[in-house]
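Structure record follows, encoded as structure tokens.
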Amino acid sequence: MRQALRRYSRLLQLRPQAVYAYLSDYDAAQAIKLLVVVGLIAGLGVWLGVPAALRQLTLPEQVDQAVAAARETAEQVGAAVLPVILESKSAVETFVTLVQQQVAAVVTRANSFVSGISAAFGAQREQVTQNA
């Protein structure tokens, strides 16, 4: 059986040596029957879409296409976003400066409030000390 499968495989591949050996080893009628069967099997494979299956991309080819598409997308996004980032840099710097100014004003008010409370407690302590 294994030998028959090898023979059919070689005939399906249309190897000239296999076809010639088969024609010379057996009678012409049996060889022609086998060649017709092999031809029908090959035709059935073509009819069922074997060429379309062979044209489908393999997994490495699909991965390569995905990587190429990702690189192209990254380049396009970089080209679109980079000018916006550079333009917004000055706006961000202005915003940071305003925030720093507001924080400095709040810290100054908090320091003056805390120093006022501290001075008031200091005055209360001196009064309590003098009254005692």
Side-chain angles (χ1 to χ4, degrees):
M1 184 68 171
R2 186 178 291 173
Q3 185 64 24
L5 288 175
R6 285 185 188 151
R7 183 181 311 130
Y8 294 146
S9 173
R10 290 181 184 142
L11 287 173
L12 279 172
Q13 294 171 7
L14 295 177
R15 291 187 178 172
Q17 298 88 359
V19 174
Y20 178 75
Y22 193 76
L23 287 175
S24 64
D25 289 345
Y26 298 99
D27 64 341
Q30 187 179 2
I32 290 174
K33 286 180 194 174
L34 181 65
L35 289 176
V36 167
V37 169
V38 167
L40 288 174
I41 291 172
L44 185 63
V46 169
W47 184 65
L48 289 176
V50 171
L54 294 175
R55 279 182 267 151
Q56 289 181 347
L57 297 176
T58 61
L59 182 61
E61 291 171 338
Q62 290 175 352
V63 170
D64 289 342
Q65 281 187 348
V67 167
R71 285 181 181 160
E72 183 179 341
T73 302
E75 289 174 2
Q76 290 175 353
V77 167
V81 170
L82 188 61
V84 173
I85 290 173
L86 293 177
E87 289 175 8
S88 66
K89 183 179 177 184
S90 63
V92 169
E93 289 173 350
T94 305
F95 177 74
V96 168
T97 304
L98 288 174
V99 168
Q100 286 174 342
Q101 290 172 353
Q102 293 297 323
V103 167
V106 168
V107 167
T108 304
R109 287 182 192 155
N111 284 339
S112 66
F113 180 74
V114 169
S115 63
I117 290 177
S118 177
F121 279 129
Q124 284 288 340
R125 190 176 5 161
E126 286 179 20
Q127 252 185 357
V128 167
T129 309
Q130 288 175 358
N131 289 340

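The shown structure was predicted, so the numbers you read here are calculated from the model rather than taken from an experiment. We count residues from 1, following the sequence as given.
- Every side-chain contact (heavy atoms from CB on, under 4.5 Å) that Gln62 has, sequence neighbours left out, goes to Leu57, Leu59.
- By the side-chain hydrogen bond (donor to acceptor under 3.5 Å, both in side chains) test, Gln100 pairs with no residue at all, sequence neighbours left out.
- In this structure, the side-chain contact (heavy atoms from CB on, under 4.5 Å) partners of Val67, at least two apart in sequence or on a different chain, are Val63, Arg71.
- The side-chain hydrogen bond (donor to acceptor under 3.5 Å, both in side chains) search around Gln102 returns none, not counting sequence neighbours.
- Here the shortest heavy-atom pairing between Pro83 and Gly78 reads CD-O, 4.4 Å.
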Show the atom names and distances, to 0.1 Å, of all donor-acceptor pairs under 3.5 Å that link a side chain in residues 114-122 to residues at least two apart or in another chain.
residue, atom, partner, partner atom, Å
Ser115, OG, Asn111, O, 3.1
Ser115, OG, Ser112, O, 2.9

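- Residues meeting the side-chain contact (heavy atoms from CB on, under 4.5 Å) test with Glu93, sequence neighbours left out: Lys89.
- Under a hydrophobic-cluster definition in which Ile, Leu, Val, Met, Phe, Trp and Tyr are linked whenever side-chain heavy atoms come within less than 4.5 Å, directly or via other members, Val99 and Val107 are assigned to the same cluster.
- Taken together through direct or relayed side-chain contacts under 4.5 Å among Ile, Leu, Val, Met, Phe, Trp and Tyr, Val103 and Phe95 form part of one hydrophobic cluster.
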